[in-house]
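Shown next, in structure tokens, is the structure this report addresses.
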Amino acid sequence: MTTHAGAGITIAEGPRGVPLLGNLPAFGKDPLAFFEQLRDRGDFVRWRFGPRPALFIAHPDAIGELLTEVENTFDQPDLGIAIRTLLGNGVVVAKGRDWRRKRSLVQPSVRPKQVRSYAATMAECAVGLADRWSDGQRIDIKKEMAALTQLIAVRTIFGADTAADAEAIGKAMDVAQQEIGAELSGIGALLPDWIPTPGRARIKRATAVIDAEVSRVVSRHRDGDEDRPDLLSRLLTARDETGARLSDREIRDETVTLYIGGHETTSSTLVWAWYLLSRNEKARRALTDELDRVLADHEPGHDDYASLTYAQAVVKETLRLYPTIWLLTGIAKEGATLGGTPIPPGTRVWSSQWSTHRDPRWYADADAFRPERWLTDAEGRPAEEIPEYAWYPFGGGPRVCLGTRFALVEAVLVLAVLARRYDLDVHPDEIRPVPSLTLQPDREVSATVRMRKRG
């Protein structure tokens with residue numbers, strides 16, 4: 001059944017839900033499959049998130065409207081007690097004037113000039129890992145990439161390089177992420193904040209570990225006299241238009257947010273990239289041919305990034321098939337419209353990178369791993385005409401992820417360092433994505449390291 005919502009759009013009815021819970025059981029069982037099911041019903045689908053009315057949108061034009069009108073006619077939703085416990089009121093969670101202030105203070109730390117200064121650390125850490133690998137070694141790629149990106153995050157954000165920093169924060173972050181995923185897709189999403197649950201207790205304990213580590217490092221920075229180049233030092237010295245600095249609590253919130261952006265997103269992207277490359281020999285050879293040609297006998301650096309076009313395409317295609325952030329939502333305010341049609345205030349509008357990125361209307365052979373779709377010819381024409389907002393792994397509009405450049409440069413440089421020396425043959429068993437705070441593999445990703453023979 002469909003209903004015509006006015007001159008602009010036609011809204012389809014979603015699957016029948018159950019009393020009180022609506023479509024939450026189906027959503028909680030398999031959110032990715034649920035969003036694909038909604039996408040197949042239409043570009044605009046009405047469903048119920050528990051007792052609350054919800055609207056799913058699948059068309060890139062509507063997604064663009066949602067993302068660009070956040071802070072105007074769509075509001076940032078309350079993301080729940082689980083996410084607030086971990087992120088506090090950081091730039092991802094904050095709204096309105098508070099969000100604008102925090103964004104202006106954080107943004108200078110991740111501008112292209114600053115990312116360039118972090119690139120050497122990214123490559124250096126990857127080289128250290130490559131030096132430890134050996135031909136024929138069996139590894140768990142998930143653990144290896146997590147440890148590597150943790151080290152890069154600790155060095156670039158905190159300016160620290162002790163195993164305790166990375167290990168303590170990393171373990172706590174893993175626990176928090178798992179529990180957030182369970183809360184988002186389960187009955188916890190409907191429970192008031194004041195109701196205690198075992199999962200919420202685990203998030204609080206994990207967050208306490210993170211807070212203690214961040215507090216210790218912040219104190220060490222405040223006590224030091226030297227001029228540090230790390231992200232934390234830049235946050236500590238940043239001032240808003242009134243001359244005020246971030247408070248200790250705000251420093252903590254932004255540090256954790258940057259850590260997740262610099263570690264969790266890149267780690268999972270690299271795992272999925274190795275998984276996909278191992279299953280596509282043509283793409284793997286195209287990547288290593290480019291690395292041999294562009295890099296010759298030197299390790300990659302920021303100056304090589306622009307020339308590594310196929311490596312960039314591998315990362316973009318990986319983010320298409322396995323987007324780290326797999327859903328975005330907004331709350332309609334007074335005056336909100338989509339496709340020229342008014343959206344009732346209070347309606348929660350949902351979009352899913354997972355379902356849009358795999359829509360066959362926008363991508364030829366949509367489920368296939370084809371990095372070449374992101375390449376351009378000698379005249380700069382794209383191999384495929386992909387609509388704007390048919391690919392949005394970092395969101396878009398005014399709230400686009402501040403760490404986008406950092407994440408892309410990190411993923412390309414790490415991939416370049418490691419793939420230049422090794423092929424990773426991943427175990428042939430299928431690995432399923434698990435939607436938590438980010439999209440993660442459902443288990444360890446076992447692989448054999450194979451030394452490449454060049455020339």
Side-chain angles (χ1 to χ4, degrees), residues 114-171 173-174 213 217 228-232 258-275 277-278 287-288 291-292 294-305 308 311 314-315 403 406-426 444-454:
Q114 304 304 336
V115 173
R116 170 182 285 274
S117 71
Y118 308 138
T121 298
M122 298 170 183
E124 179 184 339
C125 292
V127 168
L129 177 60
D131 289 342
R132 293 191 295 273
W133 282 354
S134 59
D135 189 38
Q137 180 181 353
R138 295 285 291 174
I139 62 172
D140 177 355
I141 302 176
K142 186 177 178 181
K143 289 183 178 179
E144 295 284 321
M145 295 300 103
L148 173 59
T149 56
Q150 281 174 14
L151 180 60
I152 292 172
V154 166
R155 283 191 179 182
T156 57
I157 295 173
F158 301 130
D161 191 19
T162 63
D165 290 327
E167 185 175 356
I169 295 176
K171 286 183 177 180
M173 200 69 74
D174 287 343
E213 287 293 327
V217 178
R228 298 171 182 264
D230 52 82
L231 282 160
L232 177 55
L258 287 169
Y259 181 89
I260 293 173
H263 157 52
E264 297 290 343
T265 58
T266 310
S267 174
S268 61
T269 298
L270 287 166
V271 172
W272 292 118
W274 292 118
Y275 174 70
L277 287 167
S278 183
L287 172 63
T288 53
L291 297 178
D292 291 346
V294 173
L295 301 177
D297 294 324
H298 72 272
E299 298 291 358
H302 191 276
D303 289 343
D304 299 301
Y305 177 78
L308 296 172
V314 166
V315 171
F406 186 106
L408 290 174
V409 170
E410 181 182 10
V412 168
L413 292 184
V414 168
L415 191 66
V417 168
L418 299 177
R420 179 171 169 266
R421 297 198 204 180
Y422 303 104
D423 289 330
L424 298 186
D425 294 335
V426 179
E444 72 174 30
V445 183
S446 179
T448 301
V449 177
R450 302 293 186 194
M451 181 77 75
R452 284 190 58 228
K453 296 180 180 179
R454 289 180 288 160

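Because only heavy atoms are used, hydrogens play no part in the values below, and waters and symmetry mates are left out as well, while side chains stay in.
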CG of Leu308 to CG of Leu295: how many Å apart, nearest 0.5 Å?
5.5 Å

Could you tell me whether a side-chain N or O of Arg452 sits under 3.5 Å from a main-chain N or O of Arg420, the two making a donor and an acceptor?
yes

If I take atom CG from residue Leu277 and atom CG from residue Leu287, how far apart are they, to the nearest 0.5 angstrom?
6.0 Å

For Trp274, enumerate each residue passing the ring-ring contact (aromatic ring centres under 6.0 Å, His included) test, keeping only those at least two apart in sequence or located in another chain.
none

Taking the inter-plane angle between the rings of Trp133 and Tyr422 on a 0 to 90° scale, is it parallel (under 30°), tilted (30 to 60°) or perpendicular (over 60°)?
perpendicular

Under 3.5 Å donor-acceptor, Ser268 side chain and Thr265 backbone:
yes

When rounded to the nearest 0.5 angstrom, what is the spacing between CG in Asp425 and OG in Ser278?
5.0 Å

For a side-chain contact (heavy atoms from CB on, under 4.5 Å) check, start with the C-alpha distance between Val409 and Arg116, then their side-chain angles and the critical distance, and finish with the verdict.
CA-CA 9 Å; Val409 170; Arg116 170 182 285 274; over 6 Å; no

Could you please spell out the steps behind the side-chain contact (heavy atoms from CB on, under 4.5 Å) verdict for Ile152 and Tyr118?
CA-CA 9 Å; Ile152 292 172; Tyr118 308 138; over 6 Å; no

Side-chain donor or acceptor of Asp135 paired with backbone N/O of Met451 under 3.5 Å
yes

Of all residues at least two apart in sequence or in a different chain, which pass the side chain to side chain donor-acceptor pair (under 3.5 Å) check with Ser267?
none

State, yes or no, whether a side-chain contact exists between Arg155 and Met122 at a heavy-atom distance under 4.5 Å.
no

Could you tell me the separation between the CG atom of Leu415 and the CG atom of Leu270, rounded to the nearest 0.5 Å?
6.5 Å

May I ask you to say whether Glu299 pairs ionically with Arg421, meaning some side-chain N is under 4.0 Å from a carboxylate O?
yes

Would you indicate whether the side-chain heavy atoms of Cys125 and Leu148 approach each other to under 4.5 Å?
yes

Distance-only donor-acceptor check, side chains Thr448 and Arg138, under 3.5 Å:
yes

Quick check for you: to the nearest 0.5 Å, what is the distance between Leu413 atom CG and Asp304 atom CG?
8.0 Å

Candidate list Leu418, Thr266, Thr269, test side chain to side chain contact (heavy atoms under 4.5 Å, CB included), partner Met145, passing option:
Leu418

If you round to the nearest 0.5 Å, how far is OG1 of Thr156 from CG of Leu258?
9.0 Å

In short, salt bridge (charged side-chain N to carboxylate O under 4.0 Å, His left out) pairs touching residues 406-417 with sequence neighbours left out are none

Non-hydrogen atoms of Val271 and Lys142 that approach each other most closely:
CG2-CA, 3.7 Å

Please confirm whether the backbone N or O of Glu444 pairs with a side-chain atom of Asp140, one donor and one acceptor, at under 3.5 Å?
no

Sidechain-backbone polar pair: Tyr305 side chain, Pro300 backbone, donor-acceptor under 3.5 Å
no

Heavy-atom closest contact (Val314 atom, Ala273 atom, distance):
CG1-CB, 4.5 Å

Does the Asp131 side chain pair with the main chain of Gly128, one donor and one acceptor, at a distance under 3.5 Å?
no

